Every structure is written in C-alpha cells, then in structure tokens.
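Encoded as structure tokens, the structure appears first; notes follow it.
Small disclaimer: the values here were computed from a predicted structure and weren't measured. Residue numbers start from 1 in every chain, and the chains themselves are labelled A, B, ... in the order their sequence lines are given, proteins ahead of strands.
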Protein chains: 2
Amino acid sequence: MNPTIQDVARLANVSIATVSRVLNDQPGYSEKTKQKVLKTIEELGYQPNAIARGLVNRKTSTIGVLFPSVSGLLSAEILHGIEAKAHEHGNSVIVCNTAENREKTIKYLQVLQEKRVDGLIFVSEAVTDEYYEIFSRMDIPVVLVSTESYHHPLPYVKVDDRHAAYAATRHLIEEGHTNIGMMAGDPDDLIAGWPRIEGYRLAMREAGLSLDDSLIEPCESFQYKDGKSGFTSLMNRHSELTAIFAASDELAIGAISAAYNKSIHIPDDVSIVGYDNLLLAEMSVPPLTTIAQPFQRMGSRAVQMMVDLINGEDAESAILPHELVIRDSVKRR
Amino acid sequence: MNPTIQDVARLANVSIATVSRVLNDQPGYSEKTKQKVLKTIEELGYQPNAIARGLVNRKTSTIGVLFPSVSGLLSAEILHGIEAKAHEHGNSVIVCNTAENREKTIKYLQVLQEKRVDGLIFVSEAVTDEYYEIFSRMDIPVVLVSTESYHHPLPYVKVDDRHAAYAATRHLIEEGHTNIGMMAGDPDDLIAGWPRIEGYRLAMREAGLSLDDSLIEPCESFQYKDGKSGFTSLMNRHSELTAIFAASDELAIGAISAAYNKSIHIPDDVSIVGYDNLLLAEMSVPPLTTIAQPFQRMGSRAVQMMVDLINGEDAESAILPHELVIRDSVKRR
DNA sequence: TTGTAAGCGTTATCAT
DNA sequence: ATGATAACGCTTACAA
C-alpha cells in the first residue's frame with residue numbers, strides 16, 4: 001500500500017493539515033516542523049495521491065488529445081511537441097485515436113469528460129456541429145491544431161496553408177518552370193484541401209501561367225498510395241509538365257515512386273516540391289524540397305495556449321510560420 | 001458544473017446508493033426505479049466522475065506508457081496498437097517520452113505513480129536496476145515491449161531478433177549472394193544490437209561464408225544518418241559486397257540514399273534487406289525488402305497482458321512472429 | 001427493494 | 001503555528 005498523508009502526519013506527530021501545508025508550501029508552520037515532516041515524507045517514500053487531489057481541486061492536470069491517426073507521421077510529430085510542453089507544465093497527456101470516426105470520437109469525448117481532463121486538444125480534423133456541442137457541454141478549454149473552424153469560435157494553431165502553398169509554387173516558378181501541375185487533397189476540404197489549391201492558383205495567376213483545372217489532380221487523401229496513382233493520372237493528362245507541387249510529403253513521395261517505375265527521373269525530368277517536411281522528406285531519394293510545417297512547435301504552442309486558457313487568461317489563435325526547405329527534388333530550368 | 005450522483009438521486013427521489021447500483025448494474029432495485037433513474041440521468045446529462053470513482057476503487061483505468069521517442073516511426077506504430085486495445089478495454093493511455101534520459105524517466109515514473117496508473121508499459125528501452133527498483137516500489141504490473149530484461153523478471157512482448165536477423169540474412173543467401181555485409185546497431189546493446197548480429201553470423205556460418213568481423217559495420221544508432229555514413233564506410237572497406245543486411249529500416253534507407261549519391265544502384269549493384277517494416281519501407285525507392293515486426297500487434301498484445309495482470313491473472317511473455325516482406329531491394333544473383 | 005453512513009486521500013476553513 | 005473537520009463524488013457494507 002502507498003502511504004497516505006495520514007501516515008506521514010502520524011509518524012511526524014503533526015496533523016494532516018500541517019503536512020498538507022508543507023506539501024503545498026503554504027504558510028503556517030515552523031521551520032522545525034517543516035524539516036520533521038519532510039524527513040518522514042522521505043522515510044516513508046510518500047507520494048501524494050493525485051486522484052484525491054483532483055477530487056478536491058477539481059483539476060486533474062491532464063489534457064486529452066484527439067488525433068485522426070496516431071501512427072500517421074504527422075500526428076507523431078505534433079504529439080511529440082504536445083507531450084513535451086505538457087509535462088513541462090506538469091500536465092499529463094491522454095491520447096485518443098479517433099480514426100476520423102464519429103462514434104469513436106464521441107465515445108472518447110465521453111471518457112475524457114468522465115476522467116475530468118482539464119482541456120482538449122483537437123488535431124487535424126474538422127470540428128462538426130455535434131463535436132462543438134459536446135465541447136460546449138464539457139465546459140473546458142479546447143484548442144485546435146492544424147485545423148480551424150469557421151463556424152465555431154475555437155482558438156487554433158496552424159500555418160497559413162494558402163500562403164505556404166503559394167510559396168511552394170512560387171519556388172517552382174522562380175526556378176524557371178512554367179508547366180506546373182498540382183497534386184491536391186480534396187477540394188471540398190476547406191481546411192487542408194482548398195487553401196493549398198488557392199495558394200497554387202494565386203502563384204500561377206500572378207506569373208501569368210495556365211490556370212487550367214486539369215492541371216490539378218484531386219487526390220482522395222494525402223496519403224502515399226494516392227500520390228502514386230495521382231502522379232500517373234496527372235502525367236497521362238499533361239505529359240508536358242516539368243514540375244509538380246504536391247500538397248503533402250506523402251503525396252510527393254508517392255509521386256517520386258511512381259515516377260521511378262515509369263523511368264521518369266526526379267528532378268531531371270520533373271521537379272517536385274512537397275508539403276509538411278516530415279522526417280521522411282529528408283530520407284527520400286532524392287531528398288525532398290518541401291514546405292516545412294513546424295509540427296513540434298505547433299504542438300507546444302497549443303499546450304501553451306491550453307495552459308493559459310486553464311488559468312483563466314485568454315489565448316489568441318496563432319498562425320505559425322512555414323518555411324521552404326530546399327533539398328534536391330527541384331531542378332532549375 | 002457537472003451534475004453529481006447527488007443531483008440524480010434528488011431528482012429521481014431515490015438515494016445515491018440506488019443510483020450507484022443502477023450505474024454499476026448491481027442487483028437491488030425494481031425495474032421501475034431503474035427506469036426512473038435512467039431517465040433522470042439522461043435528462044441531466046449526468047456523467048459519473050471517474051476521479052471520485054478512482055479514489056474509492058483504487059483503480060484509475062489508465063495505464064502509463066514510456067517511450068524513448070514519441071516521434072520515432074517505430075514508437076508511433078506501437079503506440080497505435082496500445083491505444084486501440086487499451087480503449088477497447090476501457091483504459092486510457094498516458095504517453096511519456098523519456099528521450100532515453102534517466103532524470104526524465106524517473107520524473108515520469110513519479111508522476112505516473114502520483115496519478116495512480118494501473119500499470120506501466122515500457123517500450124524499446126533497457127530496464128536499469130534503478131528503474132526496476134522504482135517499478136517494484138510502485139507495485140503495479142509492468143510489461144515490456146520490444147525489449148526484455150535479463151536481470152529482472154518482467155514479462156515482455158517482442159520478436160526473436162536473432163531468428164529474424166537469421167531469416168533476413170538467409171534470404172540474401174538464398175538469392176545467391178555470398179558477399180554479404182551487415183550494418184548493425186551497437187554490439188553492446190544486448191537487446192536489439194547483439195542478437196541481430198548473432199542471427200546474421202549464424203546464417204553466414206551455416207552457409208560457409210566469411211565471418212570476418214570487418215563485414216559488420218557497427219552503427220551508433222539505428223537512425224537514418226548512421227545508415228548513410230555506415231554504408232559508405234562499409235563499402236569502402238569491402239567494395240566486393242553484393243548484399244547488405246541492415247539492422248533497421250532507417251539504416252537501410254540511409255544506405256540506399258548514400259548508394260544513390262555514389263551512383264551505386266540498388267538492387268542491381270548491391271541488394272539490401274532492412275528490419276522493422278516501417279511505413280516508409282514501402283515508400284522507399286526502391287521499395288524495401290525487410291523483416292516485418294508486428295508493431296501494432298505487439299502493442300495490443302502488451303495491453304492484453306497488462307489487463308490480465310491487473311485482473312490478478314498472470315501473463316506469459318510472448319515472442320511474436322516476424323515475417324519476411326519481399327519487395328524490390330534484393331536482386332537474385 | 002431501498003436508505004444511511006463510513007470511508008477513499010486530499011485541501012481548505014475554521015478554531016485554538 | 002497548529003489541529004479538527006467539512007467537503008470533493010463516489011462505492012459499499014450494514015440497516016431497515
């Protein structure tokens with residue numbers, strides 16, 4: 001059995017109130033008793049029971065994090081940032097993998113509420129009205145990461161997708177390309193899909209290049225396999241392309257892989273710039289030029305906002321800076 | 001404020017004991033009162049307070065998981081398996097990233113003990129005497145994943161590294177290779193380093209091939225960057241090599257990348273087989289032939305053991321089957 | 001079938 | 001400077 005505050009009090013010949021005081025260093029005891037208490041705490045190896053504390057303080061010092069996928073490379077990096085910052089602030093993190101599934105998500109939210117987490121971080125997923133309803137009833141702070149909600153006033157931290165996509169396309173243009181296609185996500189995805197397409201279009205228009213819709217390959221998801229098929233289908237339609245902006249690193253790597261199979265050489269035949277700067281962007285052959293999202297910082301920033309919110313301060317949404325990371329998948333024309 | 005069991009009792013005109021009974025469906029009430037209670041629970045949107053429950057039940061239904069790195073591709077997949085299975089059993093998961101750092105680890109263990117987690121899953125890291133000491137004092141079940149302890153009687157789930165490495169090397173031999181090198185981890189790492197080297201040696205000896213130690217490149221870690229440098233150094237020493245067994249996929253991908261830079265063609269000039277079967281093994285160019293570790297299953301299996309242990313049953317360590325996944329990085333000679 | 005009351009291990013408000 | 005003691009929201013004997 002774990003020793004309790006009672007045990008400490010008894011052994012130190014003081015009341016539990018006194019022990020509690022030195023534990024939370026509040027005023028109200030002599031230096032002598034403090035030492036006495038500290039010593040017996042040490043002797044007993046006493047560890048305060050956070051559950052009991054949570055019950056009276058109405059504060060668990062743990063936050064719930066909901067991801068669409070835990071094994072996704074992207075989630076893993078965000079989680080890393082969240083976990084580190086959270087522990088820095090004395091908070092623990094409970095992870096929940098929603099698999100983008102409504103029932104699962106609702107179930108998890110229920111569990112998290114029962115566990116009385118102090119806040120929620122919601123990652124890379126759209127906030128439905130139903131979710132928002134639940135958030136409201138839970139009455140705890142919610143911070144969005146890598147997503148935002150137009151319908152609901154939830155603070156978020158993300159990059160400016162439109163701007164970042166513009167920068168990616170712009171880089172291709174500056175390297176002398178004029179036949180530039182795009183492998184995009186779902187155009188109906190207002191968070192990660194549409195803005196990147198818009199960014200691409202903006203750069204193309206500005207440079208006086210073609211805005212033909214068929215230059216844009218809408219992929220089912222941002223995953224590798226869609227990159228493979230998307231590249232093939234896009235190149236079949238537009239064999240004149242010398243460059244492609246892929247809306248995710250996985251799509252880009254998929255494209256590289258498909259290109260390899262068709263003996264299309266990257267970057268000599270076609271240049272590619274990705275989006276995300278996952279760990280694997282660096283490991284790709286050739287190493288991938290890409291737009292870096294500062295995932296870890298996004299995670300830790302979200303936690304910082306969370307902590308502020310929990311402390312009753314208010315937090316402003318944050319647009320974090322993206323960055324063009326130049327490697328070897330783009331060749332000057 | 002969240003409604004409490006008191007509120008429900010009051011509104012339903014019963015005692016809190018009765019509410020508690022229907023909540024935990026224990027016997028002792030009429031169907032009529034049950035309905036009445038259920039209805040007011042519904043009306044109030046009452047959710048039991050898991051913290052209060054935890055206090056009296058001495059059970060939090062949450063387990064702590066310690067990883068050396070959260071963003072590592074490998075950890076992410078194991079975590080995925082853990083998370084899914086844990087929630088299946090009504091348990092939550094608190095993630096802790098030790099960064100292989102002693103102080104951090106100890107700090108986390110303390111936090112987890114204060115939070116009174118029901119058990120600990122310890123992933124991919126060596127159990128020091130100090131850690132074991134703490135485990136013992138915590139007096140909760142501990143399960144090891146992808147590691148084991150020779151000094152301490154802790155149940156584990158992993159693959160048979162020696163056997164798996166043998167299978168990898170054997171595959172190369174069967175494909176007609178005779179000049180086979182290895183990119184290994186730290187030979188002093190008794191868990192993941194040494195056994196894979198032994199597996200390689202076993203296959204080489206059995207086939208009557210050279211056991212020259214210089215055929216083995218000891219890498220600092222299992223990471224990508226070490227793969228790059230390791231490949232170069234190994235090939236400088238043994239340019240006659242036609243095949244390499246890399247003790248991790250990251251090492252293998254690093255090797256492929258280094259090879260590309262030196263215009264050594266994979267698999268035409270040298271064949272490579274990896275180890276792990278991470279998501280990126282499939283995305284590699286060329287796709288990587290590798291030994292698959294069933295990471296998700298390892299995670300869920302560990303949780304299953306954990307649950308058994310918590311229920312007072314005992315659990316046996318498990319060696320899960322590895323599998324050779326043939327892709328395109330090996331060429332027949 | 002139902003209710004009362006004693007914990008669970010803390011914190012915090014009173015007294016002293 | 002210290003100590004009783006009442007919460008916190010629940011479970012579980014023990015009574016009725």
Side-chain angles (χ1 to χ4, degrees), chain A residues 1-38 40-41 44-62 90 110-111 113-118 138-139, chain B residues 1-38 40-41 44-62 90 110-111 113-118 138-139:
Chain A
M1 247 343 271
N2 282 310
T4 74
I5 200 174
Q6 293 274 7
D7 300 325
V8 177
R10 192 160 28 234
L11 218 81
N13 277 313
V14 295
S15 71
I16 60 172
T18 299
V19 178
S20 177
R21 286 188 188 101
V22 347
L23 237 36
N24 305 292
D25 45 29
Q26 281 168 342
Y29 46 82
S30 68
E31 182 61 21
K32 211 180 82 191
T33 46
K34 174 176 174 180
Q35 293 310 329
K36 190 170 49 175
V37 169
L38 253 23
T40 69
I41 283 179
L44 257 43
Y46 165 76
Q47 317 250 155
N49 182 329
I51 299 301
R53 279 187 161 167
L55 187 56
V56 22
N57 290 335
R58 299 155 167 295
K59 187 157 174 322
T60 52
S61 294
T62 108
Q110 191 193 131
V111 170
Q113 173 162 29
E114 293 189 355
K115 295 236 162 111
R116 297 299 191 263
V117 295
D118 295 337
M138 287 178 75
D139 196 36
Chain B
M1 246 343 273
N2 281 310
T4 75
I5 200 174
Q6 294 273 6
D7 301 324
V8 177
R10 191 159 29 234
L11 219 81
N13 278 313
V14 294
S15 72
I16 60 172
T18 299
V19 178
S20 177
R21 285 188 190 103
V22 346
L23 237 36
N24 306 293
D25 45 30
Q26 281 170 340
Y29 46 81
S30 68
E31 181 61 20
K32 211 179 81 193
T33 46
K34 174 175 175 182
Q35 293 310 329
K36 191 169 49 176
V37 169
L38 253 23
T40 72
I41 284 180
L44 258 45
Y46 166 76
Q47 317 249 155
N49 182 329
I51 300 301
R53 277 187 164 168
L55 188 56
V56 22
N57 291 335
R58 297 152 169 296
K59 185 157 175 321
T60 53
S61 293
T62 108
Q110 191 193 130
V111 170
Q113 173 162 29
E114 293 189 355
K115 293 236 162 113
R116 298 299 192 265
V117 295
D118 296 336
M138 287 178 76
D139 196 35

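Here D:dT11 presents its C1' atom at 16 Å from CD1 of B:Ile51, a figure rounded to the nearest Å. A straight line from CD of B:Gln113 to P of C:dG9 spans 14 Å, rounded to a whole angstrom. Between the CZ atom of A:Arg58 and the P atom of C:dG9 there is a distance of 20 Å, given to the nearest Å. Note: CD1 (B:Ile41) to C1' (D:dC10) measures 13 Å, nearest angstrom. The separation between A:Leu44 atom CG and C:dG9 atom C1' is 15 Å, rounded to whole Å.
Residues A:Arg116 and A:Arg58 form no side-chain contact, since every pair of their non-hydrogen atoms from C-beta on lies 4.5 Å or further apart.
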Review point. Between A:Asn49 and B:Leu55, is a side-chain contact (heavy atoms from CB on, under 4.5 Å) present by the stated rule, with each step listed?
Key: CA-CA 9 Å; A:Asn49 182 329; B:Leu55 188 56; 4.3 Å; yes
Review point. What do the steps show when you test B:Thr60 against A:Ile51 for side-chain contact (heavy atoms from CB on, under 4.5 Å), and what is the final call?
Key: CA-CA 8 Å; B:Thr60 53; A:Ile51 299 301; 3.6 Å; yes
Exercise for review: Go through the steps for A:Arg53 and A:Leu23 under the test side-chain contact (heavy atoms from CB on, under 4.5 Å), then give the verdict.
Suggested key: CA-CA 12 Å; A:Arg53 279 187 161 167; A:Leu23 237 36; 4.1 Å; yes
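Looking at residues two or more places apart in sequence or on another chain, you find a salt bridge (charged side-chain N to carboxylate O under 4.0 Å, His left out) between B:Arg10 and B:Asp7.
Contact annotation: A:Thr33 does not reach the phosphate of D:dA1 (side-chain N/O to OP1 or OP2, under 4.0 Å). Between A:Ser15 and D:dA4 there is no side-chain polar atom (N or O) within less than 4.0 angstrom of OP1 or OP2.
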Exercise for review: Using Watson-Crick or G-U wobble pairs with both distances under 3.5 Å, give me DNA chain C in dot-bracket, 5' to 3', with [ ] for crossers and | for pairs to another strand.
Suggested key: ||||||||||||||||
Check your understanding: Nucleotide by nucleotide, 5' to 3', does protein get under 4.0 Å of the base (B), only the sugar-phosphate (S), or neither (-) in nucleotides 10-16 of chain C, counting heavy atoms?
Key -> BBBBB--
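Between A:Gln47 atom CD and B:Gln113 atom CD the span is 4.0 Å, to the nearest 0.5 Å. Rounding to the nearest 0.5 Å gives a distance of 9.0 Å between CG of B:Leu44 and OG1 of B:Thr4.
Side-chain proximity of B:Leu55 to the nucleotides C:dT2, C:dG9, C:dG3 is greatest for C:dG9.
When all heavy atoms of A:Tyr46 and A:Ile5 are compared, the closest pair comes out as CE1-N, 3.5 Å. The two atoms that bring A:Lys36 and A:Asn13 nearest to each other are NZ-O, 4.4 Å, heavy atoms only.
Across all strands shown, A:Asn2 has no heavy atoms under 4.0 Å from either base or sugar-phosphate atoms.
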